Amino acid sequence: MSTIFRDSLGRAVLTAGLCLTVCRAAAADFPEFRVHEIARIGNQMGQTSLADVDRDGDLDWIAGCNRGDVWWFEYRGAEQWIRHEIGGRAGTDVGGVAFDVDGDGWLDQISGATWFRNSGRPRSKPFTRHENGVVAGTHDNVMADVNGDGRRDLVVMRDSAGVFWYEIPQDPTGPWPSHEVGPAVHGGIAPRGVADLDGDGDCDIVRSTGWYENTDGKGTRWQWHENIAGGHQGRFKNTTKSWILDLDGDGDNDVVMCDADAGGNDTGRAHWFENRDGRGGNWTRHEIASNKGDLHTLSVADFDGDGDPDVFSGEGPLGASGPQEKRRWFIWENRDGRGGSWQEHLILEGPRCHEGVAADVDGDGDVDICSKPWNGNLHLFLENLLVDKSP
């Protein structure tokens with residue numbers, strides 16, 4: 001069955017099977033993206049990662065259903081992806097992350113209350129499913145070294161339970177020790193919402209309207225600071241996507257956020273919060289974009305190769321800003337390198353975007369994008385054409 005997408009110049013493109021649309025950005029110096037279909041499978045999916053599951057040197061696509069099946073899609077080329085099963089009955093809602101849990105050099109999959117061990121022959125031998133005691137039904141899963149022991153821990157959030165972090169024990173097949181941080185919202189710490197916000201060298205946690213300070217550096221004492229104006233009044237109040245990084249190059253970490261599950265058209269915002277004192281005590285909001293739909297995706301990366309971070313998001317299930325409910329996918333170009341000037345590029349219009357991720361999938365030196373919907377089954381690969389591979 002054919003599908004109609006629109007490129008960034010508004011042209012209708014009829015596709016059958018693979019989508020080969022070249023989406024032209026507004027400015028001649030910004031890269032184009034060619035859109036490819038990965039697969040059509042699943043529904044209500046999250047747990048997204050780009051990771052080298054089979055250790056062949058390129059990145060593969062991981063996605064899984066709400067408390068259901070999880071797959072990895074082996075990258076063989078932009079137009080060739082091979083689907084493999086990771087496991088079933090995932091103990092999570094949206095949250096999931098690829099990580100080497102047992103330290104054997106192979107990437108496993110953490111899906112909230114379950115994790116799936118990579119067999120070392122992921123193309124031919126099944127993953128092994130394990131329960132870990134993590135709170136089930138998590139919206140956010142993030143890996144970070146919370147207690148400063150040099151090993152990464154799992155930070156999770158579920159709105160009806162709270163924010164927690166879990167140590168991965170020497171034998172990860174048993175229960176993982178649990179530590180409570182504080183109250184939760186529906187979502188707000190993923191994909192990169194755990195890092196040092198006060199300059200003391202340990203990991204703190206940002207959560208939409210404020211942040212949890214890791215006061216002892218070991219994750220056993222937390223102080224809540226309600227001083228970031230990143231929330232909203234949508235259907236799932238104060239749900240955001242968050243990314244901590246030094247956006248303005250002044251040596252301290254700032255926060256990028258976008259409104260997720262805002263629950264209406266033309267209400268979603270993308271913005272960043274400047275860490276004015278370098279200690280998380282004084283934040284200044286800078287708008288990146290407004291009047292968008294449900295921005296349930298956030299990736300911060302250098303998409304145009306100019307050395308500074310740009311911001312990608314796309315519109316998801318609860319609202320669109322395009323005509324006739326068409327979802328729009330945006331990259332906001334960081335024009336001055338310090339977050340003071342942004343240029344919007346519409347890179348795709350039509351399909352829904354949810355929990356999209358960005359990385360150099362094809363190994364050509366530029367940053368590509370993979371995503372899929374929440375309600376629906378269309379997985380897409382947006383190939384960045386910044387590096388021209390044509391003969």
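Keep in mind that what you see is a predicted model, and the values were worked out from it rather than measured.
The aromatic rings of Tyr212 and Trp222 sit perpendicular to each other, their planes meeting at more than 60°, with 30° as the lower class boundary.
The distance from the CD1 atom of Ile331 to the CD atom of Gln343 is 12.0 Å, given to the nearest 0.5 Å. To the nearest 0.5 Å, atom CG of residue Leu59 and atom OH of residue Tyr75 are 9.5 Å apart. The OG1 atom of Thr114 sits 8.5 Å away from atom CD of Gln109, with the distance rounded to the nearest 0.5 Å. The CD atom of Glu383 lies 5.5 Å from the CG atom of Asp362; values are rounded to the nearest 0.5 Å.
Inter-residue side-chain proximity for Trp332 and Trp272 is flagged as unmet; no heavy-atom pair is nearer than 4.5 Å. Within the 4.5 Å cutoff, the side chain of Phe99 has no heavy atoms near those of the Leu154 side chain. Counting heavy atoms from C-beta outward, Arg76 and Ile82 have side chains that approach closer than 4.5 Å. Here the side chains of Trp283 and Val255 are in contact, with some heavy-atom distance below 4.5 Å. Looking only at side-chain heavy atoms (C-beta outward), Pro317 and Arg352 come within less than 4.5 Å of each other. A 4.5 Å side-chain heavy-atom check between Val357 and Pro191 finds every atom pair outside the cut-off. Side chains of His232 and Thr267 form no contact here, defined as non-hydrogen atoms less than 4.5 Å apart.
Trp243 and Ile288 fall within the same hydrophobic cluster, where Ile, Leu, Val, Met, Phe, Trp and Tyr residues are linked whenever their side-chain heavy atoms come under 4.5 Å apart, directly or through other members. Met143 is not connected to Trp165 by any chain of hydrophobic side-chain contacts under 4.5 Å among Ile, Leu, Val, Met, Phe, Trp and Tyr, and they are in different clusters. One hydrophobic cluster, built from ILVMFWY side chains closer than 4.5 Å, holds both Val134 and Phe164. Note on Val53: it does not cluster hydrophobically with Trp106, by side-chain heavy-atom contacts below 4.5 Å among ILVMFWY residues. Both Trp176 and Val156 are members of a single hydrophobic cluster when ILVMFWY side chains are connected at heavy-atom separations under 4.5 Å.
Remark: Glu226 engages Thr209, Trp224 in a side chain to side chain contact (heavy atoms under 4.5 Å, CB included) (not counting sequence neighbours). Checked against side chain to side chain contact (heavy atoms under 4.5 Å, CB included), Cys203 has the following partners two or more places apart in sequence or in another chain: Ala144, Val194. Looking at residues two or more places apart in sequence or on another chain, you find a side-chain hydrogen bond (donor to acceptor under 3.5 Å, both in side chains) between His225 and Glu213. Residues forming a side chain to side chain contact (heavy atoms under 4.5 Å, CB included) with Ser242 (at least two apart in sequence, or on another chain): Val206, Thr240, Met257. With sequence neighbours left out, the salt bridge (Lys or Arg N to Asp or Glu O under 4.0 Å) criterion links Arg327 to Glu325. By the salt bridge (Lys or Arg N to Asp or Glu O under 4.0 Å) test, Asp54 is found to be paired with Arg123, residues two or more places apart in sequence or in another chain being considered. Applying the salt bridge (Lys or Arg N to Asp or Glu O under 4.0 Å) rule to Lys292 yields the partners Glu344; only residues at least two apart in sequence or on another chain are considered. Every residue two or more places apart in sequence or in another chain that forms a side-chain hydrogen bond (donor to acceptor under 3.5 Å, both in side chains) with Arg328 is listed here: Ser321. Listed by chain and residue number, nothing satisfies the salt bridge (Lys or Arg N to Asp or Glu O under 4.0 Å) test with Glu315 (two or more places apart in sequence, or in another chain). For the side chain to side chain contact (heavy atoms under 4.5 Å, CB included) test, residues two or more places apart in sequence or in another chain that qualify with Arg285 are Arg269, His271, Phe273, Glu287.
Of all heavy-atom pairs between Val361 and Asp58, the closest is O-CB, 3.8 Å. Shown here for Leu295 and Lys241, the closest heavy-atom pair between the two residues is O-CG, 3.8 Å. Scanning both residues, Asp246 and Gly251, for their nearest heavy atoms gives OD2-N, 2.8 Å. For the pair Val256 and Val311, the tightest heavy-atom approach, listed with the atom from each and the gap, is CG1-CG2, 4.2 Å. Contact detail for Tyr166 and Asp153: the closest heavy-atom pair is O-CB, 3.3 Å. Scanning all heavy atoms of the two residues, the minimum distance from Ala136 to Arg67 falls at CB-NH1, 4.4 Å.
With hydrogens and angles ignored, the 3.5 Å screen pairs no side-chain donor or acceptor of Asp252 with any backbone N or O of Asp277. Thr48 contributes a side-chain N or O that, together with a main-chain N or O of Glu355, makes up a donor-acceptor pair within less than 3.5 Å. For the pair Thr215 (side chain) and Arg221 (backbone), a donor-acceptor distance under 3.5 Å is present. Between the side chain of His139 and the main chain of Asp93, no donor-acceptor pair closer than 3.5 Å is present. A donor-acceptor pair under 3.5 Å links the side-chain atoms of Asp145 to the main chain of Gly150, judged by distance alone. Without hydrogens or angle criteria, Asn214 side chain to Asp204 main chain gives no donor-acceptor distance under 3.5 Å. Under a 3.5 Å cut-off, the side chain of Asn43 and the backbone N or O of Gly376 do form a donor-acceptor pair. A donor-acceptor contact shorter than 3.5 Å links the side chain of Asp254 to the backbone of Leu247. At least one donor-acceptor pair under 3.5 Å links the side chain of Asp366 to the backbone N or O of Val387. Here the side chain of Trp329 pairs no donor or acceptor atom with the backbone of Phe312 at under 3.5 angstrom.
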Return a table of donor-acceptor pairs under 3.5 angstrom between the side chains of residues 300-310 and protein atoms on other chains or two or more places apart.
from, atom 1, to, atom 2, distance (Å)
Asp302, OD1, Gly305, N, 2.9
Asp302, OD1, Asp306, N, 3.2
Asp302, OD2, Asp306, N, 3.4
Asp302, OD2, Gly307, N, 2.8
Asp306, OD1, Asp308, N, 3.3
Asp310, OD1, Asn334, N, 2.9
Asp310, OD2, Phe303, N, 3.0

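A 6.0 Å sphere centred on CZ of Arg151 holds more than 12 heavy atoms belonging to other residues, nucleotides or ligands. Other residues, nucleotides and ligands place more than 12 heavy atoms under 6.0 Å from the CZ atom of Arg55.
Between Phe381 and Trp81, the distance from one ring center to the other falls under 6.0 angstrom.
The only option from Thr239, Asp159, Asn238, Asp140 that meets the side chain to side chain donor-acceptor pair (under 3.5 Å) definition with His186 turns out to be Asp159. Checked against Glu32 for a side chain to side chain contact (heavy atoms under 4.5 Å, CB included), the options Ile347, Leu385, Leu382, Asn384 give a single hit: Leu385.
As a member of the Ile/Leu/Val/Met/Phe/Trp/Tyr network built from side-chain separations under 4.5 Å, Val94 groups with Trp374.
Side-chain contact check for Gln47 and Ser111: at least one donor-acceptor pair (N or O, by modelled atom type) lies under 3.5 Å.
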**Request:** Using the side-chain contact (heavy atoms from CB on, under 4.5 Å) rule, take Thr173 and Trp115 through it: C-alpha gap first, then chi angles, then the decisive distance, then the call.
**Result:** CA-CA 9 Å; Thr173 64; Trp115 72 278; 4.3 Å; yes
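A salt bridge links Asp104 to Arg117: one of the charged nitrogens lies within less than 4.0 Å of a carboxylate oxygen.
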